[in-house]
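Data first, discussion second: the structure below is written as structure tokens.
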Amino acid sequence: MSSQKKISGSEAVVKCLIAEGVEIIYGYPGGAIMPVYDELHKYEDKIHHVLTRHEQGATHSAQGFARISGKVGVAIATSGPGATNLVTGLADAQIDSTPMVCITGQVASHLLGSDAFQETDIVGISTPVTKWNHQITKASDIPNILAKAFYIAKSGRPGPVLIDITKDAQFEMFDFNYSKVTGIRSYKPVPKPQITSLNLAADLINNASKPMIVWGQGVILSEAEKEFLTFVEKTGIPAAWTIMGVSAIPTSHPLNVGMVGMHGNYAPNMLTNECDLLVAIGMRFDDRVTGNLDKYAKQAKVIHFEIDPAEINKNVKADVPVLGDAKETLTKILPLLKSRKHDKWLNNFKKLYKIEYDSVIKNDLFPTKEGLTMGEVIKEINTYTKGNAAVVTDVGQHQMIACRYAEFNKSRSNITSGGLGTMGFALPAAIGAKMACPEREVVAVIGDGGYQMTIQELGTIFQSKVPVKIVVLNNSFLGMVRQWQQLFFEKRYASTELVNPDFTAIAKAYYIKSKKVSKREELATAVEEMIKSKESFFLEVVVEKEANVFPMIPSGAAVSDIRLK
């Protein structure tokens with residue numbers, strides 16, 4: 001793309017976004033980014049700007065957009081506090097491998113370092129939480145740097161990129177020319193698979209008697225769902241997921257044995273320490289998955305399919321590392337694998353599931369006591385969405401319950417804050433997810449604590465008319481912290497009880513339909529009304545105040561020390 005006349009740096013920014021296929025961006029204007037906003041106004045027929053109510057909301061909306069669509073999410077903000085308000089979203093996107101480009105305005109280049117009004121060193125601040133960042137002080141650098149930004153954000157293991165542009169560079173005129181970047185010297189985002197590793201991995205898989213798969217988001221990011229399903233079915237290996245990996249294959253699949261990790265399912269956690277082969281695919285052995293590393297799968301050989309060389313042997317030593325993009329490595333290993341069944345081994349998972357069902361699941365989904373449970377709310381949502389909705393969650397008890405019990409038939413359906421655990425993520429992320437895929441039902445399931453961290457984004461929903469469905473599970477506590485206080489701090493509930501406002505009145509003030517439910521006989525009708533609504537809908541469900549999420553692996557314990565109560 002080129003121009004016949006000189007254009008400003010700010011117009012170049014907009015033209016670069018258009019050239020990259022960007023149709024929606026999220027942001028908040030201010031002095032140092034005003035020239036770009038002026039150009040966005042002129043190009044509003046090509047790019048839709050969504051005015052969030054806080055810059056953090058802009059990043060989480062961009063994340064939600066990226067996570068459900070696979071495209072790069074874009075957020076934009078001004079200098080100083082506008083830029084620093086992006087940092088939480090950048091950190092969240094970095095640890096959860098979400099492709100995002102954030103553009104910030106900056107004071108004029110002659111003022112850099114002078115502590116000018118609304119000046120912060122956002123490049124220095126954001127360096128630890130971005131895949132790449134760069135400051136532009138000349139308009140002529142804008143096209144190439146933005147092209148690099150989009151390439152780096154999306155390629156290999158995805159992540160967030162921040163580009164900071166001084167105000168004088170936004171005004172400066174230059175001859176515009178744009179070319180997409182398809183490669184950068186010395187940056188090799190996708191390692192080439194080694195046939196030796198594939199052969200070694202295939203040999204272990206073909207000869208294992210008690211193999212187990214743990215897959216993560218890498219399967220989804222590489223768009224390898226089809227190849228992964230073929231891999232699971234051909235090998236007959238029981239497969240468990242991290243919370244970032246769920247939905248890559250349907251939750252109802254007979255070889256899908258549930259979630260691993262601190263609040264995961266009993267069987268896959270227990271049998272991690274009994275399997276003779278652990279096949280990790282697109283996951284990074286996070287501490288919430290492994291528990292005590294000194295007692296994690298010590299009896300097993302480990303195969304690690306991974307795109308990022310830095311993750312190999314970082315936490316768990318791999319006997320056979322298989323570097324490369326999961327779609328490519330799975331495709332290449334499939335012809336080397338024998339068709340097998342592991343019925344006897346799989347039966348062990350079924351026996352342990354029965355124990356968990358009788359001790360935990362039955363009480364979560366079919367309670368006999370008076371108070372509503374979070375689990376039965378998710379069960380009702382399943383009834384009316386039939387496993388086809390995208391479920392967006394914050395972090396906490398509601399997140400674990402939603403991940404455990406939500407049914408998913410389609411990939412990219414679980415959108416949550418995994419590695420960073422960001423309260424306030426869900427509401428703005430649901431906005432981005434719904435705008436990216438308006439044909440899909442998007443249900444935000446949020447705790448009453450996290451909800452109030454970004455509650456102002458109800459204004460974005462109202463102004464932009466985004467028909468998201470919001471469910472707040474209200475237990476008047478910061479529930480997960482309270483659970484730890486109950487179990488490990490002798491019920492000293494220090495600063496975790498919440499005195500909440502009238503949530504339905506707040507929703508009504510934003511002209512959003514709302515309903516509050518506190519009785520079991522009201523729940524099904526309310527959920528049905530919410531799902532059938534063509535507009536946004538807010539549903540508050542009052543749940544048991546001091547209910548806990550089990551199973552649970554205590555901090556520092558082995559995965560096989562998982563507690564059912």
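Small disclaimer: the values here were computed from a predicted structure and weren't measured.
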Q: Go through Ile163 and Thr104 one step at a time and tell me if the side chain to side chain contact (heavy atoms under 4.5 Å, CB included) criterion holds.
A: CA-CA 6 Å; Ile163 305 301; Thr104 52; over 6 Å; no
Q: Could you please spell out the steps behind the ring pair (Phe, Tyr, Trp, His ring centres under 6.0 Å) verdict for Tyr493 and Phe477?
A: CA-CA 9 Å; Tyr493 295 160; Phe477 268 111; 5.4 Å; yes
Q.
Please tell me whether Asp92 and Gln63 have a donor and an acceptor in their side chains that are separated by less than 3.5 angstrom.
A. yes
Q.
Rounded to the nearest 0.5 Å, what separates atom CD1 in Ile165 from atom OG in Ser109?
A. 13.0 Å
Q.
For Gly70, is there any backbone N or O sitting under 3.5 Å from a side-chain donor or acceptor partner on Lys154?
A. yes
**Q.** Greater than 12 external heavy atoms within 6.0 Å of Tyr296's OH
**A.** yes
Q) Does any donor atom in the side chain of Gln483 or Gln397 lie under 3.5 Å from an acceptor atom in the other side chain? A) yes
Q) Would you call the rings of Phe176 and Tyr178 parallel, tilted or perpendicular if under 30° counts as parallel and over 60° as perpendicular? A) parallel
Q | Donor-acceptor pair between Asp502 and Thr504 side chains, under 3.5 angstrom | A | yes
Q) Ser417 side chain to Thr422 main-chain N or O, any donor-acceptor pair under 3.5 Å? A) yes
**Q.** Shortest non-hydrogen separation from Ile220 to Ser247 and the atoms involved
**A.** CD1-OG, 4.1 Å
Q.
Let me confirm one number: the CG-OG distance from Asp121 to Ser79, rounded to the nearest 0.5 Å.
A. 12.5 Å
Q) Do you know the tightest heavy-atom contact between Gly421 and Val395? A) O-CG1, 3.3 Å
Q. Can you name the nearest heavy-atom pair linking Gly418 to Ile243, along with the distance?
A. CA-CD1, 4.0 Å
Q: Indicate yes or no: does Glu23 engage Lys46 in a salt bridge with an N to O separation below 4.0 Å.
A: no
Q: Please indicate whether Phe117 has more than 12 foreign heavy atoms, meaning atoms of other residues, nucleotides or ligands, lying under 6.0 Å from its CZ.
A: no
Q: Examine the side chains of Ser411 and Glu225 and answer whether a donor and an acceptor come within less than 3.5 Å of each other.
A: yes
Q: Indicate, with yes or no, if the rings of His60 and Tyr26 have centres closer together than 6.0 Å.
A: no
Q) What distance do Ile142 atom CD1 and Glu11 atom CD have between them, rounded to the nearest 0.5 Å? A) 11.0 Å
Q) If you measure from OG on Ser10 to CG on Leu40, what distance do you get to the nearest 0.5 Å? A) 9.0 Å
**Q.** Contact check, side chains of Ile136 and His134, non-hydrogen atoms, under 4.5 Å
**A.** yes
(Q) Regarding Arg440 and Ser413, do their side chains bring together a donor and an acceptor under 3.5 Å, going by distance alone? (A) yes
Q) Ser464 side chain to Val466 main-chain N or O, any donor-acceptor pair under 3.5 Å? A) no
Q. How far apart are the C-alpha atoms of Thr130 and Gln94, what are their side-chain angles, what is the distance that settles it, and do they pass the side chain to side chain donor-acceptor pair (under 3.5 Å) test?
A. CA-CA 6 Å; Thr130 49; Gln94 173 81 336; over 6 Å; no
Q) Does OH in Tyr511 sit with more than 12 non-hydrogen atoms of other residues, nucleotides or ligands closer than 6.0 Å? A) no
Q) Any side-chain donor paired with an acceptor under 3.5 Å for Thr166 and Asp168? A) yes
Q | Criterion side chain to side chain donor-acceptor pair (under 3.5 Å) on Ser536 and Tyr510, from CA distance to verdict | A | CA-CA 11 Å; Ser536 54; Tyr510 283 102; over 6 Å; no
Q | Least distance between heavy atoms, Ile307 atom then Pro189 atom | A | CG1-O, 4.0 Å
Q: May I ask you to decide if Gly459's main-chain N or O and Gln463's side chain share a donor-acceptor pair within less than 3.5 Å?
A: no
Q) With a 4.5 Å limit on heavy-atom distance, are the side chains of Glu306 and Pro321 in contact? A) no
Q) How many angstroms lie between atom CG of Asp164 and atom CD1 of Ile103, to the nearest 0.5 angstrom? A) 10.5 Å
Q: Indicate, with yes or no, if the rings of Tyr451 and Phe503 have centres closer together than 6.0 Å.
A: yes
Q) Salt bridge or not for Lys469 and Glu441, using N-O below 4.0 Å? A) yes
(Q) Please identify which of these residues, Asp394, Thr393, Leu473, Ile455, meets the side chain to side chain contact (heavy atoms under 4.5 Å, CB included) condition with Ile446. (A) Asp394
Q. Where do Glu20 and Ala147 come nearest, in terms of heavy atoms and distance?
A. OE2-CA, 4.1 Å
Q. Side chains of Gln118 and Pro81: does their closest heavy-atom pair fall under 4.5 Å?
A. yes
Q. Asn500 pairs by side chain to side chain contact (heavy atoms under 4.5 Å, CB included) with which of Val472, Asn475, Asn474?
A. Asn474
Q. With Lys327, which residues qualify under salt bridge (charged side-chain N to carboxylate O under 4.0 Å, His left out), at least two apart?
A. Glu227
Q: Report, as yes or no, whether the 6.0 Å neighbourhood of atom CZ on Arg53 holds more than 12 heavy atoms from other residues, nucleotides or ligands.
A: yes
Q: Could you tell me the separation between the CD atom of Glu55 and the CG atom of Asn85, rounded to the nearest 0.5 Å?
A: 4.5 Å
Q) Just by distance, do the side chain of Gln399 and the backbone of Gly396 share a donor-acceptor pair under 3.5 Å? A) yes
Q. Do Ser476 and Glu497 have side-chain atoms, one donor and one acceptor, less than 3.5 Å apart?
A. no
Q: For residues Thr454 and Gly424, report the shortest heavy-atom separation together with the two atoms involved.
A: OG1-O, 2.8 Å
